[in-house]
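Lettering of chains follows the sequences in order, A, B, ..., and the numbering in each one begins at 1. All values derive from a computational prediction rather than experimental measurement.
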There are 2 protein chains.
Amino acid sequence: MRYRDENKIQAIRECAIEMVAKDGLENFGINRLAKAAGVSPATIYIYYKDKEDLLTSISIEEGIKMTQATLKDFDPKMSFKEGLWVQWKNRAAFALDNHLSANFFEQLRNSTYKDKMMETITHEFRRAMGDYVHNAVTRGEIDEMPLEVYWSVAFAPLYSLIKFHNEGQSLGGRKFKFSEKIMKETFDCVVKGLMK
Amino acid sequence: MRYRDENKIQAIRECAIEMVAKDGLENFGINRLAKAAGVSPATIYIYYKDKEDLLTSISIEEGIKMTQATLKDFDPKMSFKEGLWVQWKNRAAFALDNHLSANFFEQLRNSTYKDKMMETITHEFRRAMGDYVHNAVTRGEIDEMPLEVYWSVAFAPLYSLIKFHNEGQSLGGRKFKFSEKIMKETFDCVVKGLMK
DNA sequence: AAGATAAGTGAGCGATTGCTCATTTTAAAA
DNA sequence: TTTTAAAATGAGCAATCGCTCACTTATCTT
C-alpha cells in the first residue's frame, strides 16, 4: 500500500480556492489547477469524482470552517445583542484573515453550484441559530420572524460591508475602508432595527 | 448598405441573459449563444468586441434598466421613509417581473466582470441617491454615514430576501415565499434601525 | 525479498472553447 | 440596373476543456 500525500491534496484545495478567487469561477479548469498545484490532472480524480464534486466539496469544507469561526466564543444562551456582536466580529475577522476563502465561497454561493453546497451549510447554520433566535424571541428581545428575514436583516449588511472592503469597490469617490468603528456603527443600526 | 437587424441583436441579448441565469456564467459560451439565438458566431462579433464586452455591455444595460425601474415615482425631495419604501417596492416588483435579468445581474456582480460593470452603475446610483440621502441627513432623519454603509443597511436585506425567493433557497424546513407583508415587516425593521 | 495494493503520473482522447475569414446576402445609393 | 458597403454567414482554426488509461512508484504485509 501507499499512503495519500496530504501535502498534495492540500495543495489542490488551496490552489483551487486561490484560482477561483483571483481568476473567477468562469476561468477555473482542472488542467490549470493541476499545473498550478504541481500534480497530474489524473491525481485530482483520485480525490474528487469530477469538477463539480471538487468545487462543492471544497466550498462545503470552507463553509463549515467559516461557520465554526463565526461561532467562536458564541453561546446560544447569550443575550441577543451580545450574541450577534460576537458573530459579527468573528465573521469579519475570518473574512479579513481568509479573504481568498471568503471570495471563493461568495462566488460559489452565486453560481449554479449553490444548491449542492448550501444544503450542508444551512443545516449547520440552522442547528446553531435555532435555539439562540428562539431564546431571544421568548425573552421578548426580538419579534418572531422567518429565519430568512432574520438572516437578511442581521447578516446581509455585514456581508455587504465585507464585500465592499475586500473587493475595493466604492460608491463614494474615495475607496471604502472597513474598520471596527464602522462595523460597530453599522451593527448598532442593525440591532436597533431588530430589537423591540 | 444593409441595415442591422434589430431582432437579431435583441435575440442575442435575451438569450445571453437567459443562458447565464439558467446555466450559470461558468457554462456560458459564444458558440452556445449563437446556436440558441439562431445566428452565426461571427454575427455576435459585429455587435460586441469579445465575450467580455458582450457580458459587461449587457449587464450595464440591465443595470441601468433596473436603476430606472427602481426610481419610478421616486423624488429626492421625498421624506426618507417614503422614498426608501418607493424604491423597495419598485426594486422587488422589477426582480419578480424580470427574474432572469435579476439573476443575470447578480451573477455578473459576483464575478471577475464586476469591476467593469459596476463603474457605470454606481455612478448612476450615486447621482440619484446623493441628494436624497443628503436631504435626509440635513432634515435630521438619519445620521450621516458612508454611502457603502447606507447601501449595506438599506438595500442588502432586500436583495437577500429577493434572492431567497427567486432561487427557492430556504433556511427553515419549508420553502420561503416572498410577500408584500413580509417585505413591509422587513422594511419597517430596516427603517427603524436607520432613522433617529 | 517477494507480492499486493493503492497513490500518482504523463500522454493524449474527443469535445468544446473563443474567435476569424473568405464568402454570400441585403438594401441603399448612383 | 449596376455599384457599393456593411450585415451576416458557416466552416473551421489553434487552444483548451474535462477526463481516462496504461503505466510507474511507493509502502504496506507476508
Just how far, in rounded Å, is P of C/dT20 from OH of B/Y48? 17 Å

Check whether any side-chain heavy atom of A/W85 sits under 4.5 Å from a side-chain heavy atom of A/E82, and report yes or no. no

What one-letter contact string describes nucleotides 2-12 of chain C from 5' to 3', where B marks a base within less than 4.0 Å of any protein heavy atom, S marks contact via sugar-phosphate atoms alone, and - marks no contact? --BBBBBBB--

Under 4.0 Å, counting only non-hydrogen atoms across every strand here, what does B/F28 touch: a base, just sugar-phosphate, or nothing? sugar-phosphate

Could you tell me the separation between the CG atom of A/N7 and the P atom of D/dA26, rounded to a whole number of Å? 15 Å

Under 3.5 Å side-chain donor-acceptor pair for B/E6 and B/Q10: no

Whole-Å distance separating the CE atom of B/M19 from the C1' atom of C/dT17: 13 Å

Residues in contact with DNA chain D, drawn from residues 49-60 of chain A - heavy-atom cutoff 4.0 Å: A/D50, A/K51

Grab the two heavy atoms, one from A/I46 and one from A/R4, that are nearest each other, plus how far apart they are. O-NH2, 3.9 Å

Just how far, in rounded Å, is C1' of C/dA22 from OH of B/Y45? 18 Å

Atom-to-atom span, CZ of B/R32 to P of C/dC19 - whole angstrom: 15 Å

Applying side-chain contact (heavy atoms from CB on, under 4.5 Å), run through B/M129 and B/Q87 and close with a yes or a no. CA-CA 11 Å; B/M129 290 296 92; B/Q87 292 180 55; 3.6 Å; yes

Verdict with supporting geometry, B/H165 and A/E148, side-chain contact (heavy atoms from CB on, under 4.5 Å): CA-CA 9 Å; B/H165 176 88; A/E148 289 85 359; over 6 Å; no

Taking the six-membered ring of A/Y159, is NZ or CZ of A/R91 closer than 6.0 Å to its centre and within 45° of its axis? yes

Heavy-atom check, side chain of A/M195 versus side chain of A/K81, under 4.5 Å: yes

Report, one line per pair, each donor and acceptor closer than 3.5 Å where one atom sits in a side chain of residues 19-38 of chain B; sequence neighbours left out.
unit_1: B/K22; atom_1: NZ; unit_2: B/E18; atom_2: OE2; d: 3.0
unit_1: B/E26; atom_1: OE2; unit_2: A/T112; atom_2: OG1; d: 2.2
unit_1: B/R32; atom_1: NE; unit_2: B/N27; atom_2: O; d: 3.3

Rounded to whole Å, please give me the gap between CD1 in B/I12 and P in C/dG18. 14 Å

